[in-house]
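Notes to accompany the following structure.
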Amino acid sequence: MSYRIHIWVALGLAATSLAVAVLTLVPGAPVVPGAVAFGLFGSALPVFGLGVLRCVRAGVTVRGPDFLWIYVDTPRWVLVCAVAMTAGAVTCLVGGDDPGGGRPVKEAGGYYLKEKGKREAVSRETYVSAVKAEQRWFDTGGTVFLANAAVLAGAAYRDDKGRTARITVTPPAP
């Protein structure tokens, strides 16, 4: 997969994940099935891992305090898209309601929130709100990982002339 394709796939999946997170704010039952929401988060991990491997292969620092130079190496349009999607996801997470109290479970015709072995009966509305909050957390995490995967691929991007975008920081002399 080329660097450009990696960037566009990461940004496309991040935009999809952000859209699913925004749809959890719509009143009523969840609009998007849970499998889609969790699947997007699952897709973020290999895309992010590939971004880290591309940086390592290109010689871009991905560990320690020098890893912040990645944001200088990245093309500006990739950085702007990634920051906008991350900010949108965090805003969506903060703006949504979270009933708290545990993980939503539907058992024997009743709605419950389970936490540390305790089960608390709740209304259907609270259950639906908890399901949507759980999806929102996964989609926000997926959006952040995917946006950062695009940044990593952008930092390791090689243009048509074969130049590698990299900044090496030399340690100060002792």
Side-chain angles (χ1 to χ4, degrees), residues 1-26 30-98 103 131-174:
M1 178 183 331
S2 77
Y3 288 90
R4 288 183 185 195
I5 292 172
H6 187 179
I7 292 169
W8 283 109
V9 166
L11 289 176
L13 286 172
T16 305
S17 185
L18 177 59
V20 172
V22 168
L23 287 174
T24 63
L25 298 173
V26 174
V31 178
V32 179
V36 173
F38 301 128
L40 283 168
F41 182 80
S43 72
L45 301 177
V47 174
F48 183 80
L50 182 59
V52 171
L53 289 176
R54 283 186 183 272
C55 281
V56 168
R57 190 173 140 209
V60 177
T61 303
V62 292
R63 295 185 305 171
D66 292 340
F67 92 94
L68 292 173
W69 285 104
I70 286 174
Y71 295 102
V72 175
D73 285 343
T74 304
R76 296 293 168 245
W77 68 272
V78 175
L79 194 58
V80 167
C81 290
V83 167
M85 287 185 204
T86 300
V90 171
T91 302
C92 179
L93 184 65
V94 171
D97 60 336
D98 186 5
R103 188 171 192 285
V131 167
K132 289 170 39 173
E134 187 176 58
Q135 285 183 359
R136 194 176 309 116
W137 274 98
F138 271 95
D139 289 323
T140 299
T143 302
V144 170
F145 270 110
L146 289 163
N148 280 306
V151 169
L152 290 170
Y157 174 71
R158 296 170 191 242
D159 67 9
D160 294 335
K161 296 179 184 173
R163 289 181 294 145
T164 302
R166 65 174 97 160
I167 292 179
T168 54
V169 178
T170 56

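All values below come from the heavy atoms of this structure, side chains included, with hydrogens, waters and symmetry mates left out.
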Sole residue of Leu40, Leu18, Thr16 in side-chain contact (heavy atoms from CB on, under 4.5 Å) with Asp139: Leu40

Can you name the closest pair of heavy atoms from [X] and [Y] and give their distance?
X: Gln135; Y: Gly34; answer: NE2-CA, 3.2 Å
X: Ala147; Y: Ala82; answer: O-CB, 3.6 Å
X: Ser2; Y: Arg54; answer: O-NH2, 3.6 Å
X: Ile7; Y: Ala153; answer: CG1-CB, 3.7 Å
X: Gly142; Y: Ser17; answer: C-OG, 3.9 Å
X: Ala37; Y: Val20; answer: CB-CG1, 4.2 Å

For residues 81-95, the side chain to side chain donor-acceptor pair (under 3.5 Å) pairs (sequence neighbours left out) are none

Could I get the full list of side-chain contact (heavy atoms from CB on, under 4.5 Å) partners for [X], not counting sequence neighbours?
X: Leu23; answer: Val26, Val31, Val32
X: Pro33; answer: Val36
X: Phe48; answer: Val52, Phe145, Asn148, Ala149, Leu152

Once you round to the nearest 0.5 Å, how far does OG of Ser43 lie from CG of Leu13? 4.5 Å

How long is the span from the CG atom in Leu93 to the CG atom in Leu25, to the nearest 0.5 Å? 9.5 Å

Side chain of His6, backbone of Gly154: donor and acceptor closer than 3.5 Å?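 No, His6 side chain to Gly154 backbone: no donor-acceptor pair under 3.5 Å.
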
Can you list the residues that meet the side chain to side chain donor-acceptor pair (under 3.5 Å) rule with Thr24, with sequence neighbours excluded?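 Testing Thr24 for side chain to side chain donor-acceptor pair (under 3.5 Å), a comparison that skips the adjacent residues, returns Arg136.
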
If you count every heavy atom of other residues, nucleotides or ligands that lies below 6.0 Å from Trp77 atom CH2, does the total exceed 12? yes

Considering residues at least two apart in sequence or located in another chain, which fulfil the ring-ring contact (aromatic ring centres under 6.0 Å, His included) criterion with Phe138? Phe38, Phe41

